[in-house]
Amino acid sequence: MDSFYITTPIYYVNAKPHLGHAYTTIVADSLNRFHKLMGKDTYFLTGTDEHGDKIVKAAEANNQSPQEYVDTISALFRNLWPDLQCEHNDFIRTTEPRHVKVVQDILQKVYDKGDIYFGEYGGHYCYGCERFYTEKELVDGKCPDHLTEPEYISEKNYFFKMGKYQDWLKQHILNNPDFIRPEQYRNEVLSLLESGALEDLCISRPKSRLTWGIELPFDKDYVTYVWFDALINYISAIGYPEDEKFKEFWPVVNHLVAKDILKPHAVFWPTMLKAAEIEPYQNLNVHGYWLIKDTKMSKSLGNVVEPLKMKDTYGINAFRYFLLREMSFGQDSSFSEEALVGRLNADLANDLGNLFNRTLSMTHKYFGGVVPSPMDEEIEDVEIKKLGQQAMHTYQEEFAKLRFPRALEGLWELVRGLNKYIDTTAPWALFKEKNMDRLSTVMYVLLENMRKIAVHVWPVIPEASEEMLEQLGIQFDPRKFVLTKEPDVWGLLESGTEVAKSSNLFPRVELPEPQPVAKNGNGKAVKTSDGKKAGKEEGDEFIEFEDFQKLDLRVGTVLTVERHPDADRLLLVRVDLGEDEPRQVVAGLAEFFSPEDLEGRQVVVVANLKPRKLRKQVSQGMILAIKTEEGMELLTSSAEVINGSKVS
Ligand code: MSP
């Protein structure tokens with residue numbers, strides 16, 4: 001069996017988790033789930049980075065000992081991941097003995113080999129970055145990241161002979177095009193390696209300055225530099241050097257990081273591994289930054305996005321889907337609630353949710369909620385199946401390359417294709433014609449494709465995927481579904497399976513917007529913002545007969561129904577009133593009727609109502625309905641009449 005190993009950076013515990021951490025971990029989880037579904041044995045590691053100056057300072061600021069402090073913040077990270085449906089196999093902390101031991105073993109090995117030496121060093125030290133900067137790297141004498149002036153420190157320290165491995169590293173990157181990806185970051189590292197000699201890396205801190213770290217095994221007066229310590233988590237967690245896990249997973253490791261920590265991962269880490277005589281990692285995958293209104297997220301700017309708040313407001317499915325769908329892996333992306341709501345309403349509620357709603361309720365209406373047996377296929381069926389195969393191949397290929405927006409866009413071709421397929425095959429018309437053979441095939445094509453979609457989205461929105469499958473009468477089990485087979489197999493959904501009545505997985509969401517007051521909770525008229533009474537005046541409960549005559553009431557047949565793209569309660573109903581063109585009526589019926597309930601029905605329409613726009617959609621009339629205790633009933637004719645017949 002093939003294996004796959006994915007890691008996230010181990011996060012500093014000097015601040016609470018935010019959107020950036022959530023993104024990397026959700027991507028790691030999605031990749032882990034994806035490879036699991038591709039039939040691989042997978043391992044997913046995350047954790048926390050707990051040593052160094054930064055942590056000591058944060059603990060002091062919090063009036064806690066470093067240990068108390070790291071325990072608290074590390075737990076925040078550990079507890080967040082299940083809430084975001086990230087199922088890691090292990091959570092490593094750099095303060096754990098299993099990690100400390102491996103760091104000391106590696107230090108000793110590299111020291112014994114002669115690749116670590118003692119020397120004097122003076123440099124510009126940035127406490128924020130916990131590293132020395134060369135003159136060249138400073139911008140106007142300041143740290144380019146923190147924009148603060150570094151302190152000049154001169155002291156004796158231990159150095160790792162990183163420069164010794166520069167040529168090897170360059171060659172390794174050239175020989176392995178996928179070693180660092182996407183390409184822009186590979187090029188960045190290559191040009192750094194070509195721009196001059198690599199300096200050796202200072203890998204110790206004197207205890208006189210910092211005690212919160214892993215003691216050097218060969219000098220008790222020093223602790224290890226936090227990066228030399230932290231990077232080793234990727235092997236200490238899987239039991240380097242002897243554990244079976246190390247043997248199975250290290251050769252297939254994929255590191256996932258953002259561009260901020262490219263250099264430690266692309267330069268320090270492979271050279272450290274080389275010196276310790278360990279094979280280099282397989283891939284380093286580098287993503288861009290989430291920005292808030294085009295600016296960096298920062299505590300001081302107060303624009304940090306808390307992942308749990310987003311999840312609670314919009315649901316975990318929308319949150320995970322948005323993050324993967326929106327950011328092109330490698331590029332920066334802007335986060336906004338508007339964009340999230342837009343995706344949720346368009347892709348999830350309108351496209352995917354609608355497909356499930358419509359099809360499940362039609363299965364109930366036409367087949368008592370049971371998956372029918374398909375009969376002969378027609379050209380439309382063959383075409384949609386082909387489109388599905390293509391969509392699934394695209395999804396799988398792009399996902400494996402971490403091109404998530406392309407993967408999802410590819411799969412959504414099928415989602416949208418199926419919605420169109422419903423419109424063109426018009427199951428309600430087949431039902432009316434009693435063409436049950438054809439209707440069985442159409443419904444089966446829809447339901448089997450929905451099963452395939454539900455399986456494919458599991459890596460991204462696992463909760464929704466499992467619910468969708470449950471609605472199709474299937475218990476999810478990652479070992480039962482193999483993605484690679486899906487594009488080419490047909491008919492795994494068994495005829496006779498009972499499906500759910502409806503599906504309301506992705507309710508539409510509206511961004512709060514200020515609205516003038518028109519009605520109170522009981523539906524009674526209240527004063528509008530301009531102070532006038534919105535209800536009836538006394539004495540005007542009767543109308544003249546002439547007033548009634550002004551109404552042009554007509555009977556028409558509902559052709560198609562769609563949900564309004566921007567309003568939960570509204571449906572866009574196309575009605576045939578016997579005129580040249582069908583009319584669009586925007587009706588507030590979505591709470592009471594699904595589109596399928598209405599399609600094919602005859603309704604009464606106020607045909608001479610002045611057209612008006614409701615949430616940007618033109619409404620050319622009004623459908624009459626009767627309010628009941630339970631909800632709403634349609635006003636209709638006792639027998640089928642010609643469309644356009646007048647009600648008088
Ligand atoms: N402790 C080190 C990593 C050591 S790994 C051996 C560290 N920690 S961190 O808490 O600062 O996490 C940095 C990582 O968090 C980034 O590489 C990225 O994965 C994630 N993100 C933090 N801010 C981010 C954004 N604004 N956007 C996207 N991801 C970002 O560095």
Side-chain angles (χ1 to χ4, degrees), residues 310 313-315 317-326 334-362 405 408-424 426 428 446 450 453 457 460-461 464 468 502-515 558-575 581-599 603 605 609 611-623 625 632:
M310 285 295 123
T313 314
Y314 299 107
N317 296 310
F319 184 53
R320 284 180 63 122
Y321 177 81
F322 173 75
L323 292 184
L324 265 85
R325 176 64 186 78
E326 200 70 8
S334 260
F335 183 92
S336 76
E337 282 192 57
E338 287 85 349
L340 193 156
V341 168
R343 283 267 170 234
L344 164 58
N345 285 342
D347 298 5
L348 295 179
N350 230 34
D351 295 340
L352 186 58
N354 230 352
L355 172 67
F356 267 72
N357 266 329
R358 296 169 88 181
T359 310
L360 291 179
S361 89
M362 287 194 289
L408 289 166
E409 188 51 41
L411 190 66
W412 252 246
E413 291 277 317
L414 176 59
V415 177
R416 294 194 195 105
L418 288 170
N419 275 323
K420 269 198 210 123
Y421 174 84
I422 297 181
D423 295 339
T424 47
W428 50 91
L446 285 166
M450 279 156 54
I453 292 167
V457 294
V460 182
I461 44 175
M468 286 189 266
S502 61
S503 159
N504 193 22
L505 279 175
F506 309 110
R508 294 182 62 81
V509 171
E510 307 216 0
L511 273 177
E513 52 179 322
Q515 286 197 339
V558 175
L559 299 176
T560 57
V561 183
E562 274 174 61
R563 291 182 190 277
H564 191 299
D566 302 314
D568 275 354
R569 299 200 174 151
L570 301 181
L571 293 176
L572 307 180
V573 186
R574 289 179 74 235
V575 192
E581 291 275 316
R583 294 203 189 190
Q584 170 166 288
V585 177
V586 181
L589 296 173
E591 280 170 79
F592 312 103
F593 299 97
S594 71
E596 295 68 45
D597 292 331
L598 295 178
E599 277 159 352
V603 289
V605 176
L609 204 60
R612 65 176 185 136
K613 274 196 176 171
L614 288 166
R615 298 273 176 138
K616 295 193 205 136
Q617 291 286 341
V618 182
S619 186
Q620 302 163 296
M622 184 168 128
I623 294 176
M632 199 76 105

So [Y] and [X], do their side chains get closer than 4.5 Å, heavy atoms only?
| X | Y | value |
| --- | --- | --- |
| L571 | R563 | yes |
| R612 | Q620 | no |
| L572 | V561 | no |
| D597 | F592 | no |
| I453 | V415 | yes |
| M468 | V457 | yes |
| M362 | I422 | yes |

Salt-bridge test for E510 and R569: reply yes if a basic N is under 4.0 Å from a carboxylate O, no otherwise.
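Result for this pair is no, no salt bridge flagged.
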Under 4.0 Å between a side-chain nitrogen and a carboxylate oxygen: does that hold for R574 and E599?
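Salt bridge: no.
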Distance in Å, [X] [atom1] paired with [Y] [atom2], rounded so as to fall on 0.5 Å steps:
| X | Y | atom1 | atom2 | result |
| --- | --- | --- | --- | --- |
| D351 | E413 | CG | CD | 11.0 Å |
| L348 | N354 | CG | CG | 12.0 Å |
| N357 | L352 | CG | CG | 10.0 Å |
| R416 | L418 | CZ | CG | 12.0 Å |
| N419 | N350 | CG | CG | 8.0 Å |
| R358 | W428 | CZ | CH2 | 5.5 Å |

Nearest heavy atoms of [X] and [Y], plus distance in Å:
| X | Y | answer |
| --- | --- | --- |
| N317 | A464 | OD1-N, 3.2 Å |
| V509 | L344 | CG2-CD2, 3.2 Å |
| S619 | V586 | OG-N, 2.9 Å |
| L589 | A625 | CD2-CB, 4.3 Å |
| P611 | V618 | CB-CG1, 4.4 Å |
| L570 | R615 | CD1-CG, 4.4 Å |

Apply side-chain hydrogen bond (donor to acceptor under 3.5 Å, both in side chains) to S502 and list each qualifying residue two or more places apart in sequence or on a separate chain.
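Residues passing side-chain hydrogen bond (donor to acceptor under 3.5 Å, both in side chains) with S502: none at all.
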Residues that R343 engages under side-chain hydrogen bond (donor to acceptor under 3.5 Å, both in side chains), provided they are two or more places apart
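Expected list: E326, D347.
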Pair E591-M632, side chain to side chain contact (heavy atoms under 4.5 Å, CB included): steps then yes or no:
CA-CA 9 Å; E591 280 170 79; M632 199 76 105; over 6 Å; no
Going by ring pair (Phe, Tyr, Trp, His ring centres under 6.0 Å), name the residues that satisfy it together with Y321, two or more places apart in sequence or in a different chain.
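In terms of ring pair (Phe, Tyr, Trp, His ring centres under 6.0 Å), with neighbours along the sequence ignored, Y321 is linked to W412.
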Show the numbers, then the answer: is there a side chain to side chain contact (heavy atoms under 4.5 Å, CB included) between F506 and N345?
CA-CA 8 Å; F506 309 110; N345 285 342; over 6 Å; no
Verdict with reasoning, F322 to M310, per side chain to side chain contact (heavy atoms under 4.5 Å, CB included):
CA-CA 11 Å; F322 173 75; M310 285 295 123; over 6 Å; no
Donor-acceptor pair, T359 side chain versus F356 backbone, under 3.5 Å?
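Not confirmed, T359 side chain does not pair with F356 backbone.
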Counting only N and O atoms by type, is there a donor-acceptor contact under 3.5 Å from the side chain of H564 to the main-chain atoms of L614?
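A pair under 3.5 Å: yes.
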